[in-house]
Undergrad: 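Submitted below is the structure of interest, expressed as structure tokens.
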Amino acid sequence: MAEAHQAVAFQFTITPEGIDLQLSHQALRQVYLSGLRSWKKRVTRLKNNVITGVYPASPSSWLFVVIAILATMYTRSDPSMGLIAKIQEHLPVGDSLSIQCRTVVSAVLFSTLLWFSLIFTMRLCLKQLLSYHGWMFEQHGKVSNTTKIWAVSTAMVRIFSGRQPLLYSYQGSLPNLPVPAVKDTVKRYLESARPLMSDSEYERMTTLAKEFESSLGNRLQWYLKLKAMWASNYVSDWWEEYVYLRGRGPIMVNSNYYGMDFLYVTPTPIQAARAGNTLHACLLYRRKLNREEIKPSRVPVLNVPLCAAQCERIFNTTRIPGEETDSLIHWQDSEYVAVFHRGRYFRLWLYHAGRMLSPREIEQQIQRIMDNPSPPVPGEAKLGALTAGDRIPWAQARKEFFSSGVNKRSLDCIEKAAFFVTLDDDEQGMRGDDPAGNLDRYAKSLLHGKCYDRWFDKSFTVVVYKNGKNGLSAEHSWADAPIMAHVWEYVMTTDSFQLGYTEEGHCKGDVASSLPPPTRLTWDIPAECQERIERSLAVAQALADDVDFHVLPIQEFGKGAIKKCKISPDAFIQIALQLAYYRNRGTFSLTYEASMTRLFREGRTETVRSCTSESCAFIRALEGGESKEACRHLFRTAAEKHQHLYRMAMTGGGIDRHLFCLYIVSKYLGEESPFLNKVLSETWRLSTSQTPLQQVELFDFVNHPDYTTCGGGFGPVADDGYGVSYIIIGENMINLHISCKHSCPQTDSHKFGADIKKALEDLLELMSPEKPDPSKAELNHSKKSKKDL
């Protein structure tokens with residue numbers, strides 16, 4: 001009980017002689033150091049807000065402007081054209097200051113106003129420059145004069161800023177997402193739907209579209225434009241609420257996603273040590289995030305900034321269940337993580353004496369948790385299943401059993417944690433006699449685990465396995481996969497290349513002897529609540545058991561071979577997916593490819609409808625045995641079309657988010673639209689997403705080729721469809737994560753994986769430059785020699 005006494009700053013006892021007050025100096029010191037750290041963070045946040053608020057100028061530029069104005073006045077010139085004199089007349093200081101002092105004060109006030117005006121002008125110019133997206137549609141090697149002027153202007157603004165931007169420096173200068181015209185969106189939709197409909201279906205859809213465009217569409221558009229004028233982004237808040245937070249089904253499998261460890265390497269086989277480095281690397285990332293020291297994400301080559309708003313909720317964020325809708329709660333700071341091990345929950349403090357724990361200290365604390373022999377109390381072991389099942393039962397149970405007392409205190413501890421940690425007793429990874437099968441089981445484990453050993457409501461859960469392998473599972477509503485992928489890239493590379501391990505596999509560093517052990521969370525879960533936990537677990541377990549997963553690393557070729565074909569790698573893979581699906585199911589399907597809209601403020605995603613008339617024409621020609629030259633021409637046409645659609649989606653010209661928002665407005669107004677109802681009820685049987693490798697500089701695939709990230713994946717979107725996530729690694733590797741459901745007899749993740757690989761190989765063979773025939777080359781050389789003679 002010594003640690004429990006140390007956790008209290010003071011104790012008092014009431015006696016006949018009075019009150020005996022006993023202070024714990026050690027506890028008071030901890031309180032003081034914790035408060036000091038908190039105030040340092042506040043000062044840093046205030047400083048960064050000032051720097052970000054005046055970007056692209058710098059705070060020091062204010063002094064330059066003041067000195068310049070005063071120097072000009074010293075030469076008996078008036079740069080203000082009389083404004084300084086006007087300010088001097090209205091200064092509320094009377095005769096308390098001399099004329100010279102009043103003049104200086106007036107000049108400083110004028111300089112400050114001039115400085116703010118220059119900042120406003122520079123930010124307006126930067127916003128206009130970032131609103132230009134013509135550069136994205138330029139043909140390779142052919143750049144228009146407009147784009148050249150834009151590139152020079154953007155570079156000049158960056159040079160004049162005089163400092164490296166912080167993470168959020170560009171937020172105030174990013175343009176708002178534009179609202180497309182209804183007729184343009186309807187036209188693009190009909191074009192995308194044509195290859196998937198019969199003539200009669202298309203004719204009926206065209207009639208519905210024209211009726212919508214000429215009547216209700218204009219009225220809904222008016223409200224949408226009004227929202228776009230008022231809000232930073234007319235899509236994102238509704239997308240978060242209606243697509244994610246209002247969903248009443250399980251978020252496990254249906255919404256969450258995962259990220260894997262290195263494919264071939266496990267830096268240490270010691271579970272506690274791997275957890276120590278992983279958690280410490282997460283804290284280092286959070287510190288950089290709080291200080292805004294992370295470089296803003298940019299479009300490669302041109303360095304166009306992307307919105308960083310989603311980064312604000314990476315840590316200290318939890319999804320709270322509700323009967324009608326869930327909510328996202330974010331806390332400014334949290335100094336601990338919640339840890340799950342063998343059915344018990346612990347609070348692990350990550351700071352001590354005002355400093356961050358070292359990796360070795362975290363390893364020791366994790367080992368203390370693993371050595372703790374106490375059993376779980378009734379209902380505790382499978383408590384996490386409430387977050388894996390349907391949302392309404394969880395909301396009701398939370399309100400009934402976790403709104404007061406010891407249960408509320410323990411639940412608050414989990415929900416307010418920086419993130420969640422699971423110490424898994426299983427061994428995972430590509431290992432043993434069945435590496436491919438074990439890799440598939442590794443993916444399933446990260447996606448849903450045992451359905452009760454993850455806290456699916458937390459922004460993300462770090463999973464560390466018994467053999468030292470790790471990974472993460474992330475909740476989707478607060479941000480999209482590239483945000484969490486950025487964190488995980490940093491964590492993996494910092495763990496292995498910066499922190500490292502001793503020869504025995506332990507973390508490096510010293511351990512403070514005064515560290516209190518992690519705190520076991522206590523629960524009092526009644527029998528009725530335990531029954532609800534079991535019901536939620538049954539729902540989640542049935543969903544998890546139905547998931548068919550296959551992870552397919554392709555090492556025979558990659559981006560290097562695709563680029564030799566002079567085709568966009570993403571377009572190449574997407575057309576290969578279309579070809580594989582056609583061979584797998586004998587038909588074409590509505591296809592979802594996620595594209596980001598982070599060129600705009602608070603942008604998230606847009607849909608690229610990858611199944612086009614051009615891709616269908618190519619596949620029919622290829623499967624119909626048409627000539628190689630004809631197929632090549634059709635393939636390039638399909639690839640160019642895909643690239644155009646992707647660019648349109650990125651620059652606000654997509655289809656689905658606009659129609660989604662029009663549908664939401666129609667529901668608010670109580671209007672029914674047969675056109676919108678039809679569009680929003682379409683099934684995405686092929687849902688795809690690329691996870692880009694964002695921080696290539698952190699990896700060294702030449703000197704450390706084994707340290708290859710495997711990427712991550714997600715569950716199937718449709719009961720009779722496939723989910724496909726892919727990541728392009730370096731020049732010679734593509735990793736695919738394929739999911740579907742066992743309950744659908746038409747789907748098989750392994751067969752579809754083989755179909756995708758075969759499709760990629762066939763397209764490479766089709767598009768690769770033909771190698772000259774050696775016999776023909778020798779014959780031509782012989783003829784040329786005779787001619788010369």
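Bear in mind the structure is a predicted one, so any value in this text is a computation, not a measurement. In what follows, residues are counted from 1 in the order of the sequence shown.
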Undergrad: Is the side chain of Asn256 donor-acceptor paired with the backbone N or O of Ala474 at a distance under 3.5 Å, no angle test?
TA: no
Undergrad: If we check side chain to side chain contact (heavy atoms under 4.5 Å, CB included) with Thr709, which of these qualifies: Ile727, Leu263, Thr691?
TA: Ile727
Undergrad: For Asp261 and Met492, run side-chain contact (heavy atoms from CB on, under 4.5 Å): C-alpha distance rounded to whole Å, both residues' side-chain angles, the deciding distance at 0.1 Å, then the answer.
TA: CA-CA 7 Å; Asp261 194 7; Met492 285 195 300; 4.1 Å; yes
Undergrad: Restricting to salt bridge (charged side-chain N to carboxylate O under 4.0 Å, His left out), what partner residues turn up for Asp480, sequence neighbours left out?
TA: Arg604
Undergrad: Within the side chain of Ser473, is there an N or O that forms a donor-acceptor pair under 3.5 Å with the backbone of Thr461?
TA: no
Undergrad: What residues, two or more places apart in sequence or in another chain, satisfy side-chain contact (heavy atoms from CB on, under 4.5 Å) together with Thr494?
TA: Ala281, Leu284, Tyr490, Gln498, Leu499
Undergrad: Taking the inter-plane angle between the rings of Phe497 and Phe262 on a 0 to 90° scale, is it parallel (under 30°), tilted (30 to 60°) or perpendicular (over 60°)?
TA: tilted
Undergrad: Taking atom SG of Cys413 and atom CZ of Arg347, what is their separation to the nearest 0.5 Å?
TA: 4.0 Å
Undergrad: Tell me whether Lys444 contacts the main-chain N or O of Val547 through its side chain, where contact means a donor paired with an acceptor under 3.5 Å.
TA: yes
Undergrad: Could you go step by step and tell me if Asp424 and Arg454 meet the side-chain contact (heavy atoms from CB on, under 4.5 Å) rule?
TA: CA-CA 10 Å; Asp424 202 307; Arg454 316 280 189 263; 3.4 Å; yes
Undergrad: Should Glu361 and Arg355 count as an ion pair when the cut-off is N to O under 4.0 Å?
TA: yes
Undergrad: Using every non-hydrogen atom in the two residues, find where Ser445 and Tyr465 come nearest and quote the distance to one decimal.
TA: OG-OH, 2.7 Å
Undergrad: Is a side-chain donor or acceptor of Glu335 paired with a backbone partner of Trp349 at a separation under 3.5 angstrom?
TA: no
Undergrad: Can you confirm whether Asp440 sits close enough to His750 that some side-chain heavy atom of one is under 4.5 Å from a side-chain heavy atom of the other?
TA: yes
Undergrad: As an exercise, state the distance from CD1 of Ile314 to CE of Met484, rounded to the nearest 0.5 Å.
TA: 6.5 Å
Undergrad: Atom CD1 in Ile562, atom CD1 in Ile573: separation rounded to 0.5 Å?
TA: 5.0 Å
Undergrad: Show your reasoning for whether ring pair (Phe, Tyr, Trp, His ring centres under 6.0 Å) applies to Phe346 and His341.
TA: CA-CA 8 Å; Phe346 295 84; His341 178 248; 7.4 Å; no
Undergrad: Kindly write out the residues that satisfy side-chain hydrogen bond (donor to acceptor under 3.5 Å, both in side chains) with Tyr285, not counting sequence neighbours, or none if the list is empty.
TA: His486
Undergrad: Which residues pass the salt bridge (charged side-chain N to carboxylate O under 4.0 Å, His left out) test with Glu489, not counting sequence neighbours?
TA: none
Undergrad: How would you list, by chain and number, every residue that makes a salt bridge (charged side-chain N to carboxylate O under 4.0 Å, His left out) with Glu475, sequence neighbours excluded?
TA: Arg319
Undergrad: Just checking, any donor-acceptor pair under 3.5 angstrom between side chains of Thr266 and Lys469?
TA: yes
Undergrad: Has Trp488 got a side-chain atom pairing as donor or acceptor with Gly471's backbone, closer than 3.5 angstrom?
TA: no
Undergrad: Taking Thr493 for the side chain and Leu698 for the main chain, is one N or O donor matched with an acceptor at less than 3.5 Å?
TA: no
Undergrad: Sort out for me which residue in Glu363, Gln364, Arg360 forms a side chain to side chain donor-acceptor pair (under 3.5 Å) with His506.
TA: Glu363
Undergrad: Would Met260 and Leu446 satisfy side-chain contact (heavy atoms from CB on, under 4.5 Å), going step by step from the backbone distance to the final call?
TA: CA-CA 8 Å; Met260 281 186 165; Leu446 287 172; 3.8 Å; yes
Undergrad: List for me each residue that meets side-chain hydrogen bond (donor to acceptor under 3.5 Å, both in side chains) alongside Arg287, sequence neighbours excluded, and say none if there are none.
TA: none
Undergrad: Please enumerate all residues that pass side-chain contact (heavy atoms from CB on, under 4.5 Å) together with Ser568, with sequence neighbours excluded.
TA: Asp570, Ala571, Gln643
Undergrad: When rounded to the nearest 0.5 angstrom, what is the spacing between SG in Cys307 and CD1 in Ile483?
TA: 8.0 Å
Undergrad: What verdict does the side-chain contact (heavy atoms from CB on, under 4.5 Å) test give for Ile756 and Leu577, after you've listed the backbone C-alpha separation in whole Å, the side-chain angles of each residue and the deciding distance to 0.1 Å?
TA: CA-CA 6 Å; Ile756 295 173; Leu577 291 174; 3.5 Å; yes
Undergrad: Which of these passes ring pair (Phe, Tyr, Trp, His ring centres under 6.0 Å) with Phe315: Tyr336, Phe420, Phe460, Trp478?
TA: Phe460
Undergrad: Search all heavy atoms of Asp495 against all heavy atoms of Arg274 and return the closest pair with its distance.
TA: OD2-NE, 2.7 Å
Undergrad: With a cut-off of 6.0 Å (strictly less than), are more than 12 heavy atoms of other residues, nucleotides or ligands near CG of Asp510?
TA: no
Undergrad: Checking side chain to side chain donor-acceptor pair (under 3.5 Å) for the pair Asp453/Thr422: CA distance, chi angles, key distance, verdict?
TA: CA-CA 7 Å; Asp453 55 350; Thr422 295; 5.9 Å; no
Undergrad: Check side-chain hydrogen bond (donor to acceptor under 3.5 Å, both in side chains) between Asp426 and all other residues, then give those that pass, not counting sequence neighbours.
TA: Lys450
Undergrad: I need the single residue from Tyr726, Tyr258, Phe549, Tyr257 that forms a ring pair (Phe, Tyr, Trp, His ring centres under 6.0 Å) with His737. Which is it?
TA: Tyr258
Undergrad: Roughly how far, to the nearest 0.5 Å, is CG of Leu357 from CD of Gln365?
TA: 6.5 Å
Undergrad: Between the side chain of Asp706 and the main-chain N/O of Val265, is any donor-acceptor distance below 3.5 Å?
TA: no
Undergrad: Go through the structure and list residues passing side-chain contact (heavy atoms from CB on, under 4.5 Å) with His330, not counting sequence neighbours.
TA: Arg313, Asn316, Thr317
Undergrad: Determine whether the aromatic ring centres of Tyr707 and Phe699 lie less than 6.0 Å apart.
TA: no
Undergrad: Tell me if a side-chain donor or acceptor on Ser169 pairs with a main-chain N or O of Leu166 at a distance below 3.5 Å.
TA: yes
Undergrad: Give me the atom names and distance for the closest heavy-atom approach of Gly429 to Asn438.
TA: O-CB, 3.2 Å
Undergrad: Taking only residues two or more places apart in sequence or in another chain, which ones pass ring pair (Phe, Tyr, Trp, His ring centres under 6.0 Å) with Tyr592?
TA: Trp684
Undergrad: Which distance, rounded to the nearest 0.5 Å, do you find between the CD1 of Ile362 and the CG of Leu279?
TA: 5.5 Å
Undergrad: Can you name the salt bridge (charged side-chain N to carboxylate O under 4.0 Å, His left out) partners of Lys563, sequence neighbours left out?
TA: Glu731
Undergrad: Given 3.5 Å as the limit, does a donor-acceptor pair link the side chain of Arg647 with the main chain of Met136, or not?
TA: yes
Undergrad: For Lys466, give me all partners under side-chain contact (heavy atoms from CB on, under 4.5 Å), at least two apart in sequence or on another chain.
TA: Gln271, Glu427
Undergrad: Ignoring hydrogens, what is the shortest heavy-atom contact between Thr268 and Gly505? Give both atom names and the distance.
TA: OG1-O, 2.7 Å
Undergrad: Taking Ser739 for the side chain and Phe714 for the main chain, is one N or O donor matched with an acceptor at less than 3.5 Å?
TA: yes
